[in-house]
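Structure first, commentary second.
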Amino acid sequence: MSRSTSPVPFVNDLFDPVPDTGPYREALAPGAVILRNFARDRVEEMAEAIRGVLRRAPLKAMHTPGGLPMTVKTSSCGNAGWVSDEHGYRYARVRAHGASEWPPIPEPLMQLALAAARAADYPDFVPDFCLINYYRPGAKLGLHQDKDERDPNAPIVSLSLGLPAEFLFGGNERSDKTRTVWLYSGDVVVWGGPSRMAFHGVKPVADGIDPVFGHCRVNLTFRKAL
DNA sequence: GAGTATCG
DNA sequence: GGTA
């Protein structure tokens with residue numbers, strides 16, 4: 001009960017803890033589902049894979065097309081890198097002159113994305129790109145759509161790691177009503193079909209300590225971008 | 001346009 | 001919600 005509404009357990013939970021649940025599905029919207037605890041047993045493995053990517057493609061603070069800095073830092077792996085600057089949002093197949101290629105999607109991450117897509121009834125999904133979003137406490141992401149990918153039939157697979165966060169999920173228009181759900185380390189959200197272009201965002205992340213990630217939240221979105 | 005302020 |  002406390003887990004589904006707040007990251008802070010009731011005092012009673014400390015004395016009479018609710019047993020951890022295993023993986024289960026939660027409907028979010030038509031075509032969209034939350035796979036609770038989907039990667040819970042593989043969080044350390046995910047962390048190690050992410051560390052490997054970030055060594056080769058360090059996190060960077062992007063700016064919006066309007067020129068203002070984003071609070072979230074990003075990196076990329078797969079066949080492109082996500083770029084936001086004064087020219088807009090885009091996927092860059094090649095890195096800046098002098099830089100090596102984007103690191104490939106690590107195999108454990110790829111396998112997790114494929115399994116999650118299958119569990120969410122998108123069995124044909126094969127991502128070619130993964131965006132790494134890194135949130136320090138206070139970082140947030142305003143309501144937006146993922147609409148720069150070539151194939152609108154491919155879903156988005158989103159893995160949450162580290163500190164919990166409130167995720168906003170709306171409809172195809174910015175003014176549509178949004179649902180707010182807490183996402184915890186190891187949860188996966190998949191949206192596609194009628195929800196593929198749904199507006200979504202993340203509220204400012206509250207400080208805390210995650211046993212594996214410490215004072216940060218890391219979100220991975222797997223996409224068919226090219 | 002994944003940001004923010006301000007106005008109506 | 002539109003505009004800057």
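Both backbone and side-chain heavy atoms feed into the values below; hydrogens, waters and symmetry mates do not. We name chains A, B, ... by the order of the sequence lines, and we start the count at 1 in each one.
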Spacing between [X] atom [atom1] and [N] atom [atom2], to the nearest angstrom:
{"X": "A:M62", "N": "B:dG1", "atom1": "CE", "atom2": "C1'", "result": "15 Å"}
{"X": "A:F199", "N": "B:dG1", "atom1": "CZ", "atom2": "P", "result": "11 Å"}
{"X": "A:L143", "N": "B:dG1", "atom1": "CG", "atom2": "P", "result": "14 Å"}
{"X": "A:M70", "N": "B:dG1", "atom1": "CE", "atom2": "P", "result": "14 Å"}
{"X": "A:D176", "N": "C:dG1", "atom1": "CG", "atom2": "P", "result": "9 Å"}
{"X": "A:E149", "N": "B:dG1", "atom1": "CD", "atom2": "C1'", "result": "12 Å"}
{"X": "A:L68", "N": "B:dG1", "atom1": "CG", "atom2": "P", "result": "12 Å"}
{"X": "A:N172", "N": "B:dG1", "atom1": "CG", "atom2": "P", "result": "18 Å"}

Range-with-range stems for DNA chain B, at least three Watson-Crick or G-U pairs under 3.5 Å
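Consecutive-pair runs (3 or more) involving DNA chain B: none.
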Can you tell me if CD on A:E107 sees more than 12 non-hydrogen neighbours from other groups inside 6.0 Å?
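More than 12 heavy atoms, drawn from other residues, nucleotides or ligands, come within 6.0 Å of this atom.
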Would you say that more than 12 heavy atoms from the other residues, nucleotides or ligands in this model lie under 6.0 Å from the CD of A:E101, or not?
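Count not over threshold, so no.
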Report yes if some heavy atom in the side chain of A:D124 is under 4.5 Å from a heavy atom in the side chain of A:V126; otherwise report no.
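No, side chains not in contact.
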Closer than 4.0 Å, any side-chain N/O of A:S175 to the OP1 or OP2 of C:dG1?
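A:S175 to C:dG1 OP1/OP2: side-chain N or O found under 4.0 Å.
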Check every strand shown and say whether [X] touches a base, only sugar-phosphate, or nothing at a heavy-atom separation below 4.0 Å.
{"X": "A:T64", "result": "sugar-phosphate"}
{"X": "A:D148", "result": "nothing"}
{"X": "A:G66", "result": "nothing"}

Salt bridge or not for A:E48 and A:R51, using N-O below 4.0 Å?
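Yes.
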Looking only at the side chains, is there a donor atom on one of A:T21 and A:N37 sitting less than 3.5 Å from an acceptor on the other?
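Per modelled atom types, A:T21 and A:N37 side chains form a pair under 3.5 Å.
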Distance only, no hydrogens: is a donor on one side chain within 3.5 Å (strictly under) of an acceptor on the other, for A:D207 and A:H215?
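Yes, a side-chain donor-acceptor pair sits under 3.5 Å.
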CA sep, side-chain torsions, deciding dist, call: A:D146, A:R223, salt bridge (charged side-chain N to carboxylate O under 4.0 Å, His left out):
CA-CA 9 Å; A:D146 295 352; A:R223 312 164 180 203; 3.6 Å; yes
Using the side-chain heavy atoms of A:K140, tell me which of these nucleotides is nearest: B:dG1, B:dT4, B:dG3.
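My answer, after comparing the listed nucleotides, is B:dT4.
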